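Written out below as C-alpha cells is the structure these notes cover.
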Amino acid sequence: MQHKIPNTFGFDVKARHLVEFYHEEELPELLSQFPAEEQEHRLWIVGQGSNLLFLKDYEGIILHSNIRGIELLQTSSLTSADVRVGSGVVWDDFVAWTVENGLYGAENLSAIPGEVGAAAVQNIGAYGVEVKDFILEVHGWDIMNQCFRTFRAEDCGYGYRESIFKNPPLHNRFVVTSVTFRLSRVPVFRLDYGNLRSHICGNSAAVNITASAVREAVISIRHQKLPNPETLGNAGSFFKNPVIPQSQFEALQLSWPDIPHYAAGTGLVKVPAAWLIEQCGWKGRSFDGAGVYDKQPLVIVNHGDATPEAIVRLAGAIIASVRERFGITISPEVNYIE
Ligand code: EPU
C-alpha cells in the first residue's frame, strides 16, 4: 500500500490502487485492467475526500477525476447560460468563475470544499440553495453496464444531501465525468437564510446587491463558523439535520419551547443537529484528539492526534446522547469506509 488517499480529516490512509484520469475516454481502458469483481465491489470514487472517513487502508481502487475545463455551451437563451464543467474542477473555483462571468445561482455555495463531481453526487447545499437547483445534467461512465450515460437532474433522485448516485445500484458504480449547470444571466438572489441579508446590507434597505457581495458574505460567515481543513482536520458537517414528523416535533416543543426548526415538506420538520448536540453538552469537548468544534457542534475535528476510531467513538457517543435526550436518531453525513 503506497498511495495516499486524499482526505480532509488529515489521516494518513493508503490505497492499494489510486487511479487518476484526465479524460473520460480513458476510463473504460483504465478500469479494464482490474477484475470486474474488484471494479464493482472494491472501488471508491473520491473528490477531495471532504466527506469521507477512511477507517483503515483501503484494499481496493480509489478513483479520482482530474477532468478540468469549464465550457459555456451555445444556446439561444438571453436569460440563462448552460455551462459544462469537468468533474475534477475544484467546486469553489467554478463558483468564482460564475461570479466573474456574470452568471447567477451558485454564489450561495461559495467556499464549500470538494470537487464538481462529488458536489453533484452529494447534492451539496448551503444558505437556502442546493446544487440540484441549477444542475441540468450529470454525465459519466456506468461501470456495470460499460457505457456512458447522461442523467437529467429530474432523474437523479435529488433530495436533502441525497441522490441516486449515493445509493445502490449506482453508488461507486457511476463515475461522474462532467456536470452541466443552467445559471441565470439575470440577478436572482436567495438571501433569506439566517443572517445572510443583514450581513450584506447591514441596516440599509437600498444596497445594490451583487453576486460578488453575496459570495464574500458567504465566505466570511463560513470562515467564522467552520474550521479550515488545512489547519484543523474535519469533514464539514459530520451529521445531517434530522427530519422528524410534525407530531414528534410538537411533543418536543412542550419541553423545549425554543427548539429551532424549519419546515421540511408536508407534516415534516427539520431540526438543526447542531442545536441538539449543543443541548447535550458536547460543544467544544474532546476525547482522544477527536473534538466537537466549539463554534459549530455539527463538525467533528481531528486535533492532530486523533485516530479514525476516535472520531467514530465520539460520533457514536453523540448519537447515543441525542437519542437518549430527544428520542431522535441523528445520522452521519460523512461516509465511513473500511
Ligand atoms: N446552532 C446551535 N448551536 C451552534 C450552531 C448552530 O444551536 O453552535 C443551531 C442554531 O439554531 C442555528 C442552526 O443550528 O440557527 C443552524 O445552524 P447553521 O446555519 O450553522 O446551519 P446548519 O444547519 O448547522 C447546514 C449545513 C451546512 C451549511 C449550513 C448553512 C447540513 C448538515 N449542514 O448547517 O453544510 O453550510 O447549513 O447553510 O445540512 C456541510 O454540509 O458540510 C455544511 C457545512
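Order of listing sets the numbers, starting from 1, for every ligand and every atom in it. Scope of the values below: all heavy atoms of this structure, side chains included, with no hydrogens, waters or symmetry mates. Given the structure is predicted, the values throughout are model-derived calculations rather than measurements.
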Note the single closest protein heavy atom to [atom], along with its residue, its atom name and the distance in Å.
{"atom": "atom 23 (O) of ligand 1", "answer": "Asn241 ND2, 2.8 Å"}
{"atom": "atom 21 (O) of ligand 1", "answer": "Tyr193 OH, 3.1 Å"}
{"atom": "atom 34 (O) of ligand 1", "answer": "Leu298 CD2, 3.8 Å"}

Listed pairs under 3.5 Å, donor-acceptor, residues 228-237 side chains, sequence neighbours left out:
residue: Asn228; atom: OD1; partner: Glu230; partner atom: N; Å: 2.9
residue: Thr231; atom: OG1; partner: Asn228; partner atom: O; Å: 3.1
residue: Asn234; atom: OD1; partner: Gly236; partner atom: N; Å: 2.8
residue: Asn234; atom: ND2; partner: Pro227; partner atom: O; Å: 3.1
residue: Asn234; atom: ND2; partner: Leu232; partner atom: O; Å: 2.9

Between the main-chain N or O of [Y] and the side-chain N or O of [X], is there a donor-acceptor pair closer than 3.5 Å?
{"X": "Lys166", "Y": "Arg161", "answer": "yes"}
{"X": "Gln279", "Y": "Phe326", "answer": "no"}
{"X": "Gln296", "Y": "Leu298", "answer": "yes"}
{"X": "Trp91", "Y": "Leu109", "answer": "yes"}
{"X": "Asp155", "Y": "Phe151", "answer": "no"}

Should one rank [options] by closest heavy-atom distance to [atom], which comes out on top?
{"atom": "atom 44 (C) of ligand 1", "options": "Gly194, Pro113, Ser237, Gly284", "result": "Ser237"}
{"atom": "atom 28 (C) of ligand 1", "options": "Ala126, Pro272, Pro260", "result": "Ala126"}
{"atom": "atom 35 (O) of ligand 1", "options": "Arg161, Glu333, Gln122", "result": "Arg161"}

What atoms in ligand 1 come closer than 4.0 Å to a heavy atom of [X]?
{"X": "Trp275", "result": "2 (C), 7 (O)"}
{"X": "Gly236", "result": "42 (O)"}
{"X": "Phe239", "result": "32 (C)"}
{"X": "Lys283", "result": "4 (C), 8 (O)"}
{"X": "Lys225", "result": "18 (P), 19 (O), 20 (O)"}
{"X": "Glu278", "result": "2 (C), 3 (N), 4 (C), 7 (O), 8 (O)"}
{"X": "Tyr160", "result": "31 (C), 32 (C), 39 (O)"}
{"X": "Tyr262", "result": "13 (C), 15 (O), 16 (C)"}

Indicate the ring-plane relationship of Tyr104 and Phe189, choosing parallel, tilted or perpendicular according to the 30° and 60° boundaries.
perpendicular
With Phe181, which of Val116, Ile70, Leu73 fulfils side-chain contact (heavy atoms from CB on, under 4.5 Å)?
Val116
side-chain contact (heavy atoms from CB on, under 4.5 Å) partners of Ser110, counting only residues at least two apart
Asp92, Val95, Arg215, Val218, Ile219
